[in-house]
Amino acid sequence: MFLENYDIIIVGAGHAGCEAALACSRLGMRTAVFCLSADTIANLPCNPSIGGSAKGQLVAEIDALGGEMGRAADASTLQSRMLNTGKGAAVHSLRAQVDRVQYHLYMKRVLEKQGNLEIKQGEIVEILVENKKVVGVKTRLGTKYSAIAVIITTGTYLGGKIHVGEASYNSAADGLAPAMQLTENLKNLGIEIRRFKTGTPARVHKRSIDFAKMGEQPGEDSLTPFSFDNELRLENKVLCHITYTNEETHNIIRENLHRSPMYSGRIEATGARYCPSIEDKIVRFADKDRHQLFIEPMGLGTEEYYIQGLSSSLPEEVQLKLIRTINGLENAEVIRPAYAIEYDCCNPLELFPTLEFKSIKGLYGAGQFNGTSGYEEAAAQGLIAGVNATMVVGANCVRPSKGEMASYSTGEHSSPLQYIPDRTTSYIGVMIDDLVTKGCDEPYRMMTSRSEYRMSIRQDNATERLCETGYELGLLSKERYDKFKERQVIMENEIARLKTEKVYNLIKRPEISYKEYAPEHIPDDIVRKIDIAIKYEGYIKVQNEKIRSVRELEAKPLSADMDYSLIQGLRLEAREKLNKYKPLNVGQASRIPGVNPADVSVLLIWLAGRTNN
């Protein structure tokens, strides 16, 4: 007997869990989201910021699809800047310092008010599976809940272990209780579990910081919101600061490397290459005499400040000593020491691009559980997993009466109803395609360099790329969609007007801005969009031609049960890789490591032969 019956259950209420829960419930599914503590919903355990290089693009895409992260960030923004403005528009990315507590409260209220959604405080220790199909979950208290689909979004809670110098103990971020029993259950289900590691810097008291010794880092004069239809008045409420490590700092770290669990061998998990600890920086970049640090507030209601760039797992006394060598931090009072955390995650190569496990029907993964790093990467996956779980459940489920087991209708493993973001139209598509075709041997972080089509999938045009899809999926409301269409009309009419005037070709020049000619009624963000669209028109046309070629390959489907060892002409390595990854189309097959252009040609010839026959 099950205590309650749900269509979809989400295990974890971090950034992936919140977006998954909202997507499922907004699309009509009876949904439950389980968390170890309702007081940590949408927690920001590392730096309280949203966005950043490439991550800003992800947040804009989540917003365009109808997700919540961008709106939550706008509601709690303390300071905001568009990064990389000295470079081309393809790498412009929005980053906002947010109020940690307000962000959590905003998202918690949204979840609490959402229809079809129940918040449950409890630890899930078992995913219930029968005949390779999910049927529910079991809590630590022994209570069972039925579900047709389950989405695992455990973040760093799964098997969490904190390291500070020689000390280590089972814990999630901020000293919270970890989830220690679910890992064994997942292993017993045949899921490959790996061990990754991340970390966070110390927090110091504001009164102990000498800001006069640091450089100021103000926000922009005109703030750009994440949400395309934002109606809040955004303003810079705080001033951030910059300082640097020095040779004395580096000497202390070098002298104590043997006490860092990363270098003593006590941590065997793989850490993020692109978010290294200060120990890593000193070793890997030994030629640098200093490293930049950002001193940023945790919120308006606290005196805690975060030292971005000083992540560490050194002993507490060593941390205090090295922090006090830094300009402006000579009298620092450390409220929370830095730490490293190990956690369990799956191998994303075991997932379909829908984020459903290939081996277990109805089981999905999202966020750090899939091997990624970062709030934004997690939220994006949560939204996609929620959409796809809803499509499958909505199309195939037979809802149970109270106490009975949910069941699927018969059919293929994956429903033909699915949303797989395209890497040619979104950073979300790039990330998911990378994960399920290439995998990751370390925490995956989104970067603009990962997208070969970054000129076409910019921060500024996320709405043009994805709002239509968000509306068709049912996530973007009619009200928000109408606002998008209104803005589109303004932009299209203005570009059409400009094309009839000589100024159009002048605006293509880098030294001339459309802003100088824009009518007063055009909103500032649309002014930027128009300027970029005109200046990069030629480049985008060239890239669109390449995208068309790629889409031709994406349009050639491959069966998930195909045996590639039977195809004559494929190299042995290609056969092995294709049989292992089971790509859904030729385009995905072409991106699998070990599959070369000659193998793709063989596949195309083989497919053509089957069509002709």
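- Atom CG of N236 and atom OG of S222 lie 10.0 Å apart (nearest 0.5 Å).
- Listed by first then second residue, pairs satisfying salt bridge (Lys or Arg N to Asp or Glu O under 4.0 Å) with a partner in residues 210-235 read R71-D229, K213-E330, D229-R480, E231-K483, R233-E235, not counting sequence neighbours.
- For S312 and Q319, the side-chain atoms include no donor-acceptor pair closer than 3.5 Å.
- Taking the side chain as every heavy atom from C-beta outward, T156 and T198 approach each other to under 4.5 Å.
- Checked against side-chain contact (heavy atoms from CB on, under 4.5 Å), T243 has the following partners two or more places apart in sequence or in another chain: M214, L293, I295, I326, N327.
- Within a 6.0 Å radius of CD in E479, no more than 12 heavy atoms belonging to other residues, nucleotides or ligands are found.
- Rounding to the nearest 0.5 angstrom, the gap separating the CD atom in Q381 from the CG atom in L355 is 6.0 Å.
- I526 is listed as a side-chain neighbour of R487, based on a closest heavy-atom distance under 4.5 Å.
- A donor-acceptor pair is defined here as one N or O able to donate and one able to accept, closer than 3.5 Å; no such pair exists between the side chain of R450 and the backbone of M431.
- Across P443 and F196, no two heavy atoms sit closer than the pair N-CE1, 3.6 Å.
- If you run side chain to side chain contact (heavy atoms under 4.5 Å, CB included) between N230 and each of D74, T77, L223, only D74 comes through.
- With hydrogens and angles ignored, the 3.5 Å screen pairs no side-chain donor or acceptor of E303 with any backbone N or O of H205.
- With sequence neighbours left out, K161 forms a side-chain contact (heavy atoms from CB on, under 4.5 Å) with H163, S168, N170, R195, E342.
- The distance from the OG atom of S264 to the CE atom of M262 is 10.0 Å, given to the nearest 0.5 Å.
- Under the salt bridge (charged side-chain N to carboxylate O under 4.0 Å, His left out) criterion, K321 pairs with no residue at all, not counting sequence neighbours.
- Side-chain contact of T463 with K529: a donor-acceptor pair under 3.5 Å is present, judged by distance alone.
- From F34, atom CZ reaches atom CD1 of I10 across 10.0 Å, with rounding to the nearest 0.5 Å.
- Defined by atom type and a distance below 3.5 Å, a donor-acceptor pair is present between the side-chain atoms of D63 and S227.
- Side chains of Y263 and D280: a donor on one and an acceptor on the other come within 3.5 Å.
- The minimum heavy-atom distance linking T183 with G159 is given by the pair OG1-N, 4.4 Å.
- Proximity of a side-chain donor or acceptor of T153 to a complementary backbone N or O of V11 within less than 3.5 Å is detected.
- Between the side chain of Q459 and the backbone N or O of S93, no donor-acceptor pair lies under 3.5 Å.
- The SG atom of C46 lies 3.5 Å from the OH atom of Y306; values are rounded to the nearest 0.5 Å.
- For Y514, there are no ring-ring contact (aromatic ring centres under 6.0 Å, His included) partners, not counting sequence neighbours.
- Within 6.0 Å of NZ on K281 lie more than 12 heavy atoms contributed by other residues, nucleotides or ligands.
- Across all their heavy atoms, I323 and L329 have their closest contact at O-CB, 3.4 Å.
- Across E19 and I62, no two heavy atoms sit closer than the pair OE2-CG2, 3.9 Å.
- Of the possible polar contacts, none joining the Q368 side chain to the T154 backbone as a donor-acceptor pair under 3.5 Å is found.
- Here A54 pairs with Y427, M446, T448 under the side-chain contact (heavy atoms from CB on, under 4.5 Å) rule; sequence neighbours left out.
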* To do: For the pair R100 and E304, evaluate salt bridge (Lys or Arg N to Asp or Glu O under 4.0 Å) and give the outcome as yes or no after the intermediate values.
  => CA-CA 11 Å; R100 180 183 186 182; E304 283 189 86; 5.6 Å; no
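- Closest of all the heavy-atom pairs between T200 and P45 is OG1-O, 3.9 Å.
- Applying the ring-ring contact (aromatic ring centres under 6.0 Å, His included) test to every pair with at least one member in residues 93-113, sequence neighbours left out, gives these pairs: H15-Y103.
- Within the 3.5 Å criterion, the main-chain N or O of I242 finds no donor-acceptor partner in the side chain of Q217.
- Side chain of D422 to main chain of G429: no donor-acceptor pair is present (N/O by atom type, distance under 3.5 Å, no hydrogens or angles).
- Few gaps surround CZ on R284; more than 12 heavy atoms of other groups in view lie less than 6.0 Å from it.
- Under the 4.5 Å side-chain criterion, counting only non-hydrogen atoms from C-beta, P48 is not in contact with D99.
- By the 4.5 Å heavy-atom criterion applied to side chains, L475 and L383 are counted as neighbours.
- Under the salt bridge (charged side-chain N to carboxylate O under 4.0 Å, His left out) criterion, E377 pairs with K55, sequence neighbours left out.
- Salt-bridge annotation for E61 and R465: present, with a side-chain N of the basic residue lying under 4.0 Å from a carboxylate O of the acidic one.
- Not counting sequence neighbours, the partners of R254 by the side-chain contact (heavy atoms from CB on, under 4.5 Å) test are E247, H250, N251, I282.
- Of the possible polar contacts, one joining the T372 side chain to the G367 backbone as a donor-acceptor pair under 3.5 Å is found.
- Remark: side-chain polar atoms of Q97 are paired, donor with acceptor, to backbone N or O of P297 under 3.5 angstrom.
- How far CZ of F226 is from CG of L234: 10.0 Å, rounded to the nearest 0.5 Å.
- Legend: residues meeting salt bridge (charged side-chain N to carboxylate O under 4.0 Å, His left out) with R95, ordered by chain and number and at least two apart, are E296.
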* Dump the intermediate steps for side-chain contact (heavy atoms from CB on, under 4.5 Å) on D441 and T270, then the final yes or no. => CA-CA 8 Å; D441 296 324; T270 306; 5.8 Å; no
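- Using a 4.5 Å heavy-atom cutoff, the side chains of L65 and T469 are in contact.
- T249 pairs by the side chain to side chain donor-acceptor pair (under 3.5 Å) definition with N246, T325, not counting sequence neighbours.
- Shown here for S426 and L466, the closest heavy-atom pair between the two residues is CB-CD1, 4.1 Å.
- When atom types are taken as modelled, the side chain of N370 and the backbone of G365 share a donor-acceptor pair closer than 3.5 angstrom.
- Residues T245 and L310 form a side-chain contact, since some pair of their non-hydrogen atoms from C-beta on lies under 4.5 Å apart.
- Inter-residue side-chain proximity for S313 and S277 is flagged as unmet; no heavy-atom pair is nearer than 4.5 Å.
- Here F211 pairs with H241, Y305 under the ring-ring contact (aromatic ring centres under 6.0 Å, His included) rule; sequence neighbours left out.
- Residues R423 and D434 have side chains in contact (heavy-atom distance under 4.5 Å, counting atoms from C-beta outward).
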* Pair L22-E68, side-chain contact (heavy atoms from CB on, under 4.5 Å): steps then yes or no -> CA-CA 8 Å; L22 290 172; E68 200 65 33; 3.7 Å; yes
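- In the displayed structure, E316 atom CD is contacted under 6.0 Å by at most 12 heavy atoms of other residues, nucleotides or ligands.
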